[in-house]
Protein chains: 2
Amino acid sequence: MNSDDPAVCCPPADDRPDLRPVEGDEADHELAALAKAVGHPARVQILRLLSRRASCVCGEIVDVLPLAQSTVSQHLKVLKDAGLVRGEIDGPRTCYCLDPRTMRRFKALLGGL
Amino acid sequence: MNSDDPAVCCPPADDRPDLRPVEGDEADHELAALAKAVGHPARVQILRLLSRRASCVCGEIVDVLPLAQSTVSQHLKVLKDAGLVRGEIDGPRTCYCLDPRTMRRFKALLGGL
DNA sequence: CGAGTTCATCGTGAAATGACGATAAAGCCT
DNA sequence: AGGCTTTATCGTCATTTCACGATGAACTCG
(Lines give C-alpha, C1' and ligand atoms only; values in the text may rest on other atoms or scores of the structure.)
Protein backbone atom coordinates (compact mmCIF):
# COMPACT_ATOMS: atom_id res chain seq x y z
CA MET A 1 0.00 0.00 0.00
CA ASN A 2 1.11 3.55 -0.48
CA SER A 3 2.00 4.41 3.07
CA ASP A 4 3.61 7.72 2.15
CA ASP A 5 0.56 9.97 2.31
CA PRO A 6 1.60 12.82 4.57
CA ALA A 7 -1.82 14.16 5.40
CA VAL A 8 -4.40 12.50 3.25
CA CYS A 9 -7.52 13.66 4.88
CA CYS A 10 -9.06 16.29 2.72
CA PRO A 11 -11.32 14.89 0.05
CA PRO A 12 -10.13 15.47 -3.48
CA ALA A 13 -12.63 18.25 -4.19
CA ASP A 14 -16.18 17.70 -5.23
CA ASP A 15 -17.44 19.71 -8.13
CA ARG A 16 -20.83 18.13 -8.48
CA PRO A 17 -23.58 20.71 -8.50
CA ASP A 18 -25.82 21.11 -5.51
CA LEU A 19 -29.38 20.83 -6.64
CA ARG A 20 -31.13 21.66 -3.42
CA PRO A 21 -33.22 24.82 -3.36
CA VAL A 22 -31.96 27.99 -1.75
CA GLU A 23 -35.35 29.05 -0.51
CA GLY A 24 -38.13 27.62 1.58
CA ASP A 25 -38.41 26.41 5.11
CA GLU A 26 -35.78 23.74 4.69
CA ALA A 27 -33.29 26.20 3.31
CA ASP A 28 -34.06 28.68 6.07
CA HIS A 29 -33.19 26.18 8.75
CA GLU A 30 -30.13 25.07 6.89
CA LEU A 31 -28.86 28.61 6.54
CA ALA A 32 -29.59 29.37 10.18
CA ALA A 33 -27.69 26.29 11.31
CA LEU A 34 -24.66 27.13 9.19
CA ALA A 35 -24.65 30.75 10.27
CA LYS A 36 -24.96 29.75 13.88
CA ALA A 37 -21.92 27.53 13.58
CA VAL A 38 -19.90 30.38 12.11
CA GLY A 39 -21.26 32.85 14.63
CA HIS A 40 -18.30 32.82 16.95
CA PRO A 41 -14.94 34.55 16.47
CA ALA A 42 -12.92 31.51 17.44
CA ARG A 43 -14.74 29.38 14.91
CA VAL A 44 -14.20 31.96 12.21
CA GLN A 45 -10.53 31.93 13.03
CA ILE A 46 -10.47 28.16 12.75
CA LEU A 47 -12.16 28.28 9.38
CA ARG A 48 -9.76 30.89 8.12
CA LEU A 49 -6.82 28.89 9.36
CA LEU A 50 -8.07 25.85 7.49
CA SER A 51 -8.73 27.86 4.36
CA ARG A 52 -5.21 29.24 4.39
CA ARG A 53 -3.34 26.01 4.75
CA ALA A 54 -4.41 23.79 1.97
CA SER A 55 -2.92 21.07 4.07
CA CYS A 56 -4.97 20.10 7.05
CA VAL A 57 -4.01 21.19 10.52
CA CYS A 58 -4.79 19.44 13.74
CA GLY A 59 -3.43 20.54 17.09
CA GLU A 60 -1.78 23.56 15.58
CA ILE A 61 -5.11 25.21 15.98
CA VAL A 62 -4.73 24.94 19.71
CA ASP A 63 -1.39 26.69 19.49
CA VAL A 64 -2.78 29.54 17.47
CA LEU A 65 -5.93 30.24 19.45
CA PRO A 66 -5.74 31.63 22.98
CA LEU A 67 -8.05 28.93 24.26
CA ALA A 68 -7.77 25.71 26.17
CA GLN A 69 -7.44 22.50 24.22
CA SER A 70 -10.84 21.26 25.31
CA THR A 71 -12.47 24.48 24.22
CA VAL A 72 -10.92 24.28 20.78
CA SER A 73 -12.09 20.71 20.52
CA GLN A 74 -15.62 21.83 21.31
CA HIS A 75 -15.52 24.47 18.61
CA LEU A 76 -14.21 21.93 16.14
CA LYS A 77 -17.09 19.67 17.03
CA VAL A 78 -19.58 22.45 16.35
CA LEU A 79 -18.03 23.05 12.95
CA LYS A 80 -17.92 19.36 12.21
CA ASP A 81 -21.54 18.82 13.22
CA ALA A 82 -22.52 21.66 10.92
CA GLY A 83 -20.66 19.94 8.11
CA LEU A 84 -18.30 22.83 7.55
CA VAL A 85 -15.26 20.83 8.55
CA ARG A 86 -14.11 17.29 8.22
CA GLY A 87 -11.90 15.48 10.68
CA GLU A 88 -9.90 12.42 9.89
CA ILE A 89 -8.00 10.41 12.44
CA ASP A 90 -4.38 10.14 11.45
CA GLY A 91 -2.50 8.13 13.99
CA PRO A 92 -2.62 9.76 17.37
CA ARG A 93 -3.79 13.05 15.96
CA THR A 94 -6.74 14.30 14.02
CA CYS A 95 -6.49 16.10 10.75
CA TYR A 96 -9.06 18.74 9.97
CA CYS A 97 -9.96 20.46 6.76
CA LEU A 98 -12.73 22.52 5.30
CA ASP A 99 -15.59 20.82 3.53
CA PRO A 100 -15.70 22.94 0.40
CA ARG A 101 -19.06 21.57 -0.57
CA THR A 102 -20.74 22.86 2.57
CA MET A 103 -18.91 26.14 2.23
CA ARG A 104 -20.31 26.54 -1.23
CA ARG A 105 -23.73 25.61 0.01
CA PHE A 106 -23.50 28.26 2.70
CA LYS A 107 -22.57 30.92 0.20
CA ALA A 108 -25.36 29.85 -2.11
CA LEU A 109 -27.90 30.03 0.67
CA LEU A 110 -26.73 33.43 1.74
CA GLY A 111 -26.79 34.57 -1.83
CA GLY A 112 -30.42 33.49 -1.94
CA LEU A 113 -31.38 36.48 0.11
CA MET B 1 -43.68 68.85 1.08
CA ASN B 2 -44.28 65.65 -0.77
CA SER B 3 -46.46 63.89 1.74
CA ASP B 4 -47.39 61.08 -0.59
CA ASP B 5 -44.59 58.69 0.18
CA PRO B 6 -46.29 55.40 0.93
CA ALA B 7 -43.41 53.65 2.59
CA VAL B 8 -40.30 55.72 2.20
CA CYS B 9 -38.00 54.01 4.57
CA CYS B 10 -35.53 52.02 2.57
CA PRO B 11 -32.51 54.00 1.53
CA PRO B 12 -32.17 54.53 -2.20
CA ALA B 13 -29.43 51.93 -2.60
CA ASP B 14 -25.79 52.56 -1.97
CA ASP B 15 -23.35 51.40 -4.58
CA ARG B 16 -20.22 52.79 -3.08
CA PRO B 17 -17.52 50.17 -2.76
CA ASP B 18 -16.63 48.78 0.61
CA LEU B 19 -12.93 49.16 1.09
CA ARG B 20 -12.56 47.34 4.34
CA PRO B 21 -10.46 44.17 4.33
CA VAL B 22 -12.09 40.75 4.32
CA GLU B 23 -9.40 39.18 6.44
CA GLY B 24 -7.75 39.76 9.76
CA ASP B 25 -8.94 39.93 13.29
CA GLU B 26 -11.35 42.76 12.66
CA ALA B 27 -12.96 40.94 9.76
CA ASP B 28 -13.19 37.75 11.78
CA HIS B 29 -15.18 39.42 14.49
CA GLU B 30 -17.34 41.20 11.98
CA LEU B 31 -18.15 37.98 10.19
CA ALA B 32 -18.85 36.18 13.44
CA ALA B 33 -21.23 38.91 14.56
CA LEU B 34 -23.13 38.89 11.29
CA ALA B 35 -23.34 35.12 11.21
CA LYS B 36 -24.52 35.02 14.78
CA ALA B 37 -27.33 37.43 13.96
CA VAL B 38 -28.42 35.24 11.07
CA GLY B 39 -28.02 32.07 13.12
CA HIS B 40 -31.67 31.62 14.01
CA PRO B 41 -34.46 30.29 11.78
CA ALA B 42 -36.88 33.05 12.70
CA ARG B 43 -34.35 35.71 11.78
CA VAL B 44 -33.61 34.03 8.49
CA GLN B 45 -37.32 34.04 7.76
CA ILE B 46 -37.50 37.73 8.55
CA LEU B 47 -34.61 38.46 6.23
CA ARG B 48 -36.17 36.46 3.47
CA LEU B 49 -39.47 38.20 3.94
CA LEU B 50 -37.76 41.55 3.66
CA SER B 51 -35.82 40.49 0.62
CA ARG B 52 -38.99 39.38 -1.13
CA ARG B 53 -41.04 42.47 -0.64
CA ALA B 54 -39.08 45.33 -1.99
CA SER B 55 -41.44 47.44 0.02
CA CYS B 56 -40.80 47.40 3.70
CA VAL B 57 -42.97 45.44 6.06
CA CYS B 58 -43.62 46.13 9.69
CA GLY B 59 -46.14 44.19 11.75
CA GLU B 60 -46.87 41.86 8.91
CA ILE B 61 -43.86 39.97 10.11
CA VAL B 62 -45.69 39.17 13.30
CA ASP B 63 -48.58 37.76 11.29
CA VAL B 64 -46.32 35.52 9.28
CA LEU B 65 -44.17 34.14 12.05
CA PRO B 66 -45.61 31.81 14.68
CA LEU B 67 -44.16 33.91 17.47
CA ALA B 68 -45.38 36.48 19.92
CA GLN B 69 -45.09 40.12 18.98
CA SER B 70 -42.48 40.81 21.62
CA THR B 71 -40.37 37.92 20.41
CA VAL B 72 -40.45 39.16 16.85
CA SER B 73 -39.48 42.59 18.08
CA GLN B 74 -36.49 41.08 19.84
CA HIS B 75 -35.36 39.32 16.71
CA LEU B 76 -35.74 42.51 14.74
CA LYS B 77 -33.58 44.27 17.29
CA VAL B 78 -30.88 41.66 16.88
CA LEU B 79 -30.92 42.12 13.13
CA LYS B 80 -30.94 45.87 13.49
CA ASP B 81 -28.05 45.89 15.95
CA ALA B 82 -26.09 43.77 13.51
CA GLY B 83 -26.78 46.32 10.80
CA LEU B 84 -28.57 43.85 8.57
CA VAL B 85 -31.87 45.65 8.82
CA ARG B 86 -33.03 49.21 9.06
CA GLY B 87 -36.13 50.38 10.86
CA GLU B 88 -37.83 53.64 10.25
CA ILE B 89 -40.69 54.94 12.33
CA ASP B 90 -43.63 55.73 10.12
CA GLY B 91 -46.45 57.05 12.21
CA PRO B 92 -47.60 54.52 14.74
CA ARG B 93 -45.82 51.70 12.99
CA THR B 94 -42.26 50.85 12.12
CA CYS B 95 -41.08 50.06 8.65
CA TYR B 96 -38.25 47.60 8.22
CA CYS B 97 -36.07 46.82 5.29
CA LEU B 98 -32.83 45.10 4.51
CA ASP B 99 -29.61 47.05 4.57
CA PRO B 100 -28.16 45.92 1.26
CA ARG B 101 -24.79 47.32 2.13
CA THR B 102 -24.39 45.10 5.16
CA MET B 103 -25.74 42.15 3.24
CA ARG B 104 -23.09 42.67 0.63
CA ARG B 105 -20.48 42.99 3.31
CA PHE B 106 -21.59 39.72 4.83
CA LYS B 107 -21.30 37.94 1.52
CA ALA B 108 -17.91 39.45 0.89
CA LEU B 109 -16.64 38.33 4.28
CA LEU B 110 -17.95 34.85 3.80
CA GLY B 111 -16.40 34.79 0.36
CA GLY B 112 -13.10 35.64 2.00
CA LEU B 113 -12.82 32.13 3.32
C1' DC C 1 -59.43 64.88 24.87
C1' DG C 2 -59.85 59.91 24.85
C1' DA C 3 -59.95 55.38 22.84
C1' DG C 4 -57.55 52.32 20.02
C1' DT C 5 -53.27 50.84 17.32
C1' DT C 6 -48.70 49.60 16.89
C1' DC C 7 -44.42 48.65 18.50
C1' DA C 8 -40.48 48.58 21.97
C1' DT C 9 -38.97 47.45 26.39
C1' DC C 10 -39.02 45.13 30.96
C1' DG C 11 -39.01 41.18 33.85
C1' DT C 12 -38.82 36.32 34.14
C1' DG C 13 -37.85 31.52 33.60
C1' DA C 14 -36.07 27.59 30.84
C1' DA C 15 -32.65 26.16 27.89
C1' DA C 16 -28.40 26.60 25.31
C1' DT C 17 -23.62 28.23 24.96
C1' DG C 18 -18.81 29.01 26.17
C1' DA C 19 -15.02 28.28 28.93
C1' DC C 20 -12.26 25.50 31.86
C1' DG C 21 -9.83 21.47 34.27
C1' DA C 22 -9.91 16.65 34.80
C1' DT C 23 -10.27 12.39 32.80
C1' DA C 24 -10.49 8.81 29.30
C1' DA C 25 -9.38 6.76 24.81
C1' DA C 26 -6.25 5.69 21.13
C1' DG C 27 -2.08 5.52 18.98
C1' DC C 28 3.23 5.92 18.68
C1' DC C 29 7.93 4.90 20.30
C1' DT C 30 11.53 2.65 22.87
C1' DA D 1 4.73 -3.67 28.30
C1' DG D 2 5.15 1.03 29.71
C1' DG D 3 5.37 5.79 29.05
C1' DC D 4 4.31 9.69 26.10
C1' DT D 5 1.60 12.38 23.07
C1' DT D 6 -2.65 13.82 21.11
C1' DT D 7 -7.45 14.47 21.11
C1' DA D 8 -12.30 13.77 22.64
C1' DT D 9 -15.47 13.77 26.24
C1' DC D 10 -17.33 14.73 30.94
C1' DG D 11 -18.79 17.67 34.67
C1' DT D 12 -19.30 22.22 36.16
C1' DC D 13 -20.17 26.99 36.43
C1' DA D 14 -21.19 31.66 34.55
C1' DT D 15 -23.28 33.90 30.91
C1' DT D 16 -26.25 34.40 27.09
C1' DT D 17 -30.20 33.36 24.39
C1' DC D 18 -35.06 32.58 23.50
C1' DA D 19 -39.69 32.93 24.35
C1' DC D 20 -43.45 34.86 26.70
C1' DG D 21 -46.86 38.16 29.02
C1' DA D 22 -47.25 42.64 30.87
C1' DT D 23 -46.38 47.24 30.62
C1' DG D 24 -45.28 51.66 28.52
C1' DA D 25 -44.47 55.08 24.81
C1' DA D 26 -45.92 57.25 20.57
C1' DC D 27 -49.01 58.05 17.14
C1' DT D 28 -53.82 58.34 14.69
C1' DC D 29 -58.47 59.08 14.45
C1' DG D 30 -63.05 60.01 16.07
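We name chains A, B, ... by the order of the sequence lines, and we start the count at 1 in each one. The analysis underlying the following values was restricted to heavy atoms, covering all of them including side chains, and did not include hydrogens, waters or symmetry mates. Quick caveat: nothing in here was measured; it's all calculated off a predicted structure.
- Between A/Arg93 atom CZ and C/dA25 atom C1' there is a gap of 16 Å when expressed in whole angstrom units.
- Looking at A/Ser70, its side chain comes within 3.5 Å of the base of C/dG21 through a donor and an acceptor atom.
- Annotation: salt bridge (charged side-chain N to carboxylate O under 4.0 Å, His left out) contacts of A/Arg93 (sequence neighbours excluded): none.
- Judged by distance alone with a 3.5 Å cut-off, no donor-acceptor contact links the side chain of B/Gln74 to the base of C/dA8.
- In this structure, A/Lys80 reaches neither bases nor backbone, as no heavy-atom distance under 4.0 Å exists between it and the strands shown.
- Within 4.0 Å of B/Leu67, counting heavy atoms only, lie sugar-phosphate atoms of the nucleic acid but no base atom.
- Atom CG in B/Asp63 sits about 9 Å away from atom P in C/dC7, given to the nearest Å.
- Taking the six-membered ring where tryptophan is involved, the planes of A/Phe106 and B/Phe106 are perpendicular, since the angle between them exceeds 60° and thus also 30°.
- Following rounding to the nearest Å, B/Asp81 (CG) and D/dT16 (C1') show an atom-to-atom distance of 15 Å.
- Comparing D/dT7, C/dG21, D/dA19 by their closest approach to the side chain of A/Thr94 singles out D/dT7.
- Residue A/Thr71 places no side-chain N or O under 4.0 Å from the OP1 or OP2 atom of C/dA19.
- When side chains are defined from C-beta on, A/Val85 does not count as touching A/Asp99, because their heavy atoms never get closer than 4.5 Å.
- Atom NZ in B/Lys77 sits roughly 12 Å away from atom C1' in C/dC10 (whole-Å rounding).
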